[in-house]
Amino acid sequence: MTASRKPIVGGNWKMNTNTESGTALARAVADVFPDIAGADHAVEAFVCPPFPFLAQVGEVLQAAGGGIALAAQDIYHEPSGAFTGEVSAAMLKDVGCTAVLLGHSERRHVIGESDELINKKTHAALEAGLTAVLCIGETLDQREAGKTDAVNKHQLTKGLEGVSTDQMADVVIAYEPVWAIGTGKTASAEDAQAAHAAIREVLANLYDQKTADATRIQYGGSCKPSNAAELFAQPDIDGGLIGGAALKAGDFLDILRAAAASGA
Ligand code: 13P
């Protein structure tokens with residue numbers, strides 16, 4: 001992490017929690033977060049509860065001072081209409097979301113989302129004024145075939161197609177190697193740094209060096225208190241997108257502490 005980019009850490013709760021455990025988790029994190037962020041707001045944080053709990057978790061976050069942003073795990077690109085089961089940008093804004101994940105690997109590989117759909121969702125999020133957290137990353141087969149950088153380049157280029165330089169101020173990239181998600185296997189700090197540096201180079205080519213230098217790139221994939229500090233110390237790793245460890249308030253707070261310290 002370089003001092004010019006503020007670290008950003010997200011908790012992706014995936015399809016976990018319920019009303020009681022979700023609000024309790026949010027309260028436990030939000031109550032301590034101001035002490036971690038400090039007067040200079042050393043780290044930004046957001047949590048992504050499942051859709052049914054967004055409003056209630058949002059109320060808890062607001063009651064605690066609003067230091068942690070409310071984010072959704074997905075969005076649909078159409079504004080309204082006959083799209084059974086889907087949720088629009090306006091609906092997310094209505095319940096207080098300020099950010100949304102796009103193209104999470106579970107949406108790409110379990111649900112089957114295409115790069116084209118993810119690009120439409122990215123535009124819908126940005127046009128609504130939501131921060132777009134675009135998730136990219138290679139599978140194990142792709143890594144073993146030496147295609148990590150090519151896959152990331154492809155997903156970035158397609159996902160950001162038509163996104164302007166100005167809009168990039170509201171984009172965060174989350175690099176999540178699929179083989180490291182929920183497996184306990186973390187990319188080594190060196191491997192993650194190499195992927196992040198290559199991602200930043202792609203952004204410089206798609207936009208310009210200034211935009212690339214300003215864009216935060218989170219690491220995700222079995223990030224936990226024991227490895228967060230080393231990952232966040234890498235020059236191109238600007239925080240993390242956390243799955244399993246975000247479901248334990250103590251672990252998530254320790255990761256937030258590591259991120260706050262990395263920007264100092
Ligand atoms: P884990 O931290 O559980 O590996 O999940 C990472 C992730 O997918 C966050 O979006």
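Counting starts at 1 for both ligands and their atoms, in listed order. Numbering of residues begins at 1 and proceeds along the displayed sequence.
Close contacts between ligand 1 and Gly221 involve ligand atoms 4 (O), 6 (C) [criterion: under 4.0 Å to a heavy atom]. Interface atoms of ligand 1 facing Ala180, defined by a heavy-atom separation under 4.0 Å, are 4 (O).
Ligand 1 lies out of reach of Ser105, whose nearest heavy atom is not under 4.0 Å from it.
If you look at Ile181 next to ligand 1, the close heavy atoms, those under 4.0 Å, come from the backbone and the side chain alike.
For the side chain to side chain donor-acceptor pair (under 3.5 Å) test with Glu113, the passing option among Arg108, His104, Arg107 is Arg107; the others fail.
Under the 4.5 Å side-chain heavy-atom criterion for grouping Ile, Leu, Val, Met, Phe, Trp and Tyr, Leu70 is connected to Ile242 within one hydrophobic cluster. Under the 4.5 Å side-chain heavy-atom criterion for Ile, Leu, Val, Met, Phe, Trp and Tyr, Ile255 and Val32 are members of the same hydrophobic cluster.
In terms of polar-atom proximity, His104 is counted as a contact of ligand 1, with an N or O under 3.5 Å from an N or O of the ligand.
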Pair Leu92-Phe51, side-chain contact (heavy atoms from CB on, under 4.5 Å): steps then yes or no: CA-CA 9 Å; Leu92 295 182; Phe51 288 134; 3.8 Å; yes
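Between Asp213 atom CG and Asp208 atom CG the span is 9.0 Å, to the nearest 0.5 Å. Note that CG of Leu231 is 9.5 Å distant from NZ of Lys224, once rounded to the nearest 0.5 Å.
Ring geometry for His196 against Tyr219 counts as tilted: the plane angle lies between 30° and 60°, on a 0 to 90° scale.
Closest to atom 3 (O) of ligand 1, if we only count protein heavy atoms, is Gly244 N, 2.8 Å. Annotation: atom 7 (C) of ligand 1 to nearest protein heavy atom, Glu176 OE2, 3.0 Å. The nearest protein atom to atom 5 (O) of ligand 1, hydrogens excluded, is given as Lys14 NZ, 3.2 Å; this is a heavy-atom distance.
Considering only non-hydrogen atoms, atom 4 (O) of ligand 1 lies nearest to Gly182 out of Ala246, Ala174, Gly243, Gly182.
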